[in-house]
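These notes are about the structure you will find just below.
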4 protein chains.
Amino acid sequence: MSFDFLPDKPIYQQLIDRITGDLIRGALQPGEKLPSVREYAVEAGVNANTMQRVYKELEGMGITETKRGQGTFVTENAERLGQLREEKKAQLIDDFIRNIEALGFTEEEIAESMTRRRQP
Amino acid sequence: MSFDFLPDKPIYQQLIDRITGDLIRGALQPGEKLPSVREYAVEAGVNANTMQRVYKELEGMGITETKRGQGTFVTENAERLGQLREEKKAQLIDDFIRNIEALGFTEEEIAESMTRRRQP
Amino acid sequence: MSFDFLPDKPIYQQLIDRITGDLIRGALQPGEKLPSVREYAVEAGVNANTMQRVYKELEGMGITETKRGQGTFVTENAERLGQLREEKKAQLIDDFIRNIEALGFTEEEIAESMTRRRQP
Amino acid sequence: MSFDFLPDKPIYQQLIDRITGDLIRGALQPGEKLPSVREYAVEAGVNANTMQRVYKELEGMGITETKRGQGTFVTENAERLGQLREEKKAQLIDDFIRNIEALGFTEEEIAESMTRRRQP
DNA sequence: GTGGTCTAGACCACT
DNA sequence: GTGGTCTAGACCACG
């Protein structure tokens, strides 16, 4: 199994998004052990250094912890995880609305297109 | 007057967005003349090369036309402009939904957050 | 000119410390341009990737900003720089006191040794 | 009882610090018998290999002596213990001062912060 | 076996 | 020329 990556976004960013996504949708649980850097690198079809960077950034965000010589684990700090979820959601919506305005649309017009899209 | 740019997005892209935005919201009319590359570069506070690229891409998109010796004009091709509008809108929504899924949210959850956001 | 590095601390950390030190002691001013990644790498005698990492972390700390295609600059946000200074100072002292206690000394004993050291 | 360890310092180092600390503050007396490697490993909640290394390093420093078949004992060499105490103290202060300089502070500024800290 | 650091070198996007 | 990304491969400390 090797992942598909969009060409216009850094791979390590997409991997971070993927893992935080797994966390948000519950596929990854607090305290759970992540695959080793090398394992995950092979699985994702990227270089180990790239994966290393992903893990480092995740730790920097406070959503994983590494136990020396044992591996990397999802933090058990539930509060941090909930906070992550809200941050991501807010940022997602903010970016969307900023884009709407930058491109000159109105929120109403977009909202209407979206509902129409779901029931074509 | 010099513009503010987000640090994480190419300046030329933000300029393209801005101009297409002006078009979409009607601040820029079909057939209207754009400032010269140099003028606009000064006004926006960017390098002339950057502005040059913006104009080139706009022309590539069929949004503007260059009349030799006279300058750059918004196309009068109304169909093309309407099409542009729809393309942008569709892409905006696509990206949004792709992000929602990549990050592990459901569309319902996001929709609810957005409506709550508008009436706090 | 190439720097000396302690063997027991990551080079990139020592470089970060060095640069923040330059900032704290005023050798580097708000808004000032840093050498390019490649230049500094040569000057310090390290690989460009190592230097790249240093710059990235500095930016993550909010003490530098990069202007696309132009280089990396010390932030002009004086508040952030003052804050950095205090953070570093507090952490320095905290670590020191923690070590004193971990090793079983009393603060008084250490204080006395330090003053004796300065006037031997 | 299992100990807490800082994540950024080797566990075996923290254990060495702890034991030398016990020695310096007198909680451990010359000639006293240490727990067996296994016992101590369990008590501290670490891998037996890690504890093994701790004991080995302590012996290398001349702080402990192994009596075959009987276990590990704190040396009765009082001179060595006094020397240890001074070494640790000197190193502690050296490191502190080196850090102060590396980060661009003056000793005066730090000294003032420290006294202010004790009488807020 | 685990994560972490460093190097060397290539390629890309942006200005 | 600038920063940024990625790969490949080596070496180290830790448990």
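Side chains included, hydrogens not; waters and symmetry mates left out as well; all remaining heavy atoms used. Labels below follow one simple rule: chain letters A, B, ... track the order of the sequence lines, proteins then strands, and each chain is numbered from 1.
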Spacing of [X] atom [atom1] relative to [N] atom [atom2], expressed in whole Å:
{"X": "B:Phe5", "N": "E:dT15", "atom1": "CZ", "atom2": "C1'", "result": "12 Å"}
{"X": "C:Met51", "N": "F:dT5", "atom1": "CE", "atom2": "C1'", "result": "18 Å"}
{"X": "A:Leu58", "N": "E:dG3", "atom1": "CG", "atom2": "C1'", "result": "14 Å"}
{"X": "B:Asp8", "N": "E:dT15", "atom1": "CG", "atom2": "P", "result": "12 Å"}
{"X": "C:Leu15", "N": "E:dT5", "atom1": "CG", "atom2": "C1'", "result": "13 Å"}
{"X": "C:Tyr55", "N": "F:dG4", "atom1": "OH", "atom2": "P", "result": "10 Å"}
{"X": "A:Glu57", "N": "F:dG4", "atom1": "CD", "atom2": "C1'", "result": "12 Å"}

Which pair of heavy atoms, one from [X] and one from [Y], lies closest together, and at what distance?
{"X": "A:Asp17", "Y": "A:Lys9", "answer": "OD2-NZ, 3.2 Å"}
{"X": "C:Met61", "Y": "C:Arg80", "answer": "O-NH2, 2.7 Å"}
{"X": "B:Asp4", "Y": "B:Gln14", "answer": "O-OE1, 4.4 Å"}

Tell me, please, whether A:Phe105 has B:Lys88 positioned over its six-membered ring: NZ or CZ under 6.0 Å from the ring centre and within 45 degrees of its axis? no
Which residues satisfy the side-chain contact (heavy atoms from CB on, under 4.5 Å) test with C:Ala102, sequence neighbours excluded? none
In dot-bracket notation, what is the pairing pattern of DNA chain F, taking Watson-Crick (N1-N3 plus N6-O4 or O6-N4) and G-U wobble (N1-O2 and O6-N3) contacts under 3.5 Å, with [ ] crossing and | for other strands? ||||||||||||||.
Hey, does [X] reach any base, or is it just sugar-phosphate, or nothing, if we go heavy atoms under 4.0 Å?
{"X": "C:Lys67", "result": "nothing"}
{"X": "A:Glu65", "result": "nothing"}
{"X": "B:Gln52", "result": "nothing"}

Residue whose nearest DNA chain F nucleotide is more 5′ - A:Val46 or C:Thr66: C:Thr66
Quick one: does C:Arg68's side chain have a donor or acceptor within less than 3.5 Å of a partner on B:Pro7's backbone? yes
Measuring to OP1 and OP2 of F:dG3, would you say a side-chain N or O of C:Thr72 lies under 4.0 angstrom away? yes
Contact letters for nucleotides 10-15 of chain F, in which S counts primed atoms plus P, OP1 and OP2 and B counts the base, heavy atoms under 4.0 Å: ----SS
One thing to verify: whether D:Glu86 and D:Lys89 come together as a salt bridge, which I'm taking to mean a side-chain N less than 4.0 angstrom from a carboxylate O. yes
Hey, can you tell me if B:Phe96 and A:Phe96 have their rings parallel, tilted or perpendicular (30° and 60° cut-offs)? parallel
I'd like to know if the side chain of D:Thr64 pairs up with that of D:Glu59 as donor and acceptor (distance under 3.5 Å, no hydrogens or angles considered). no
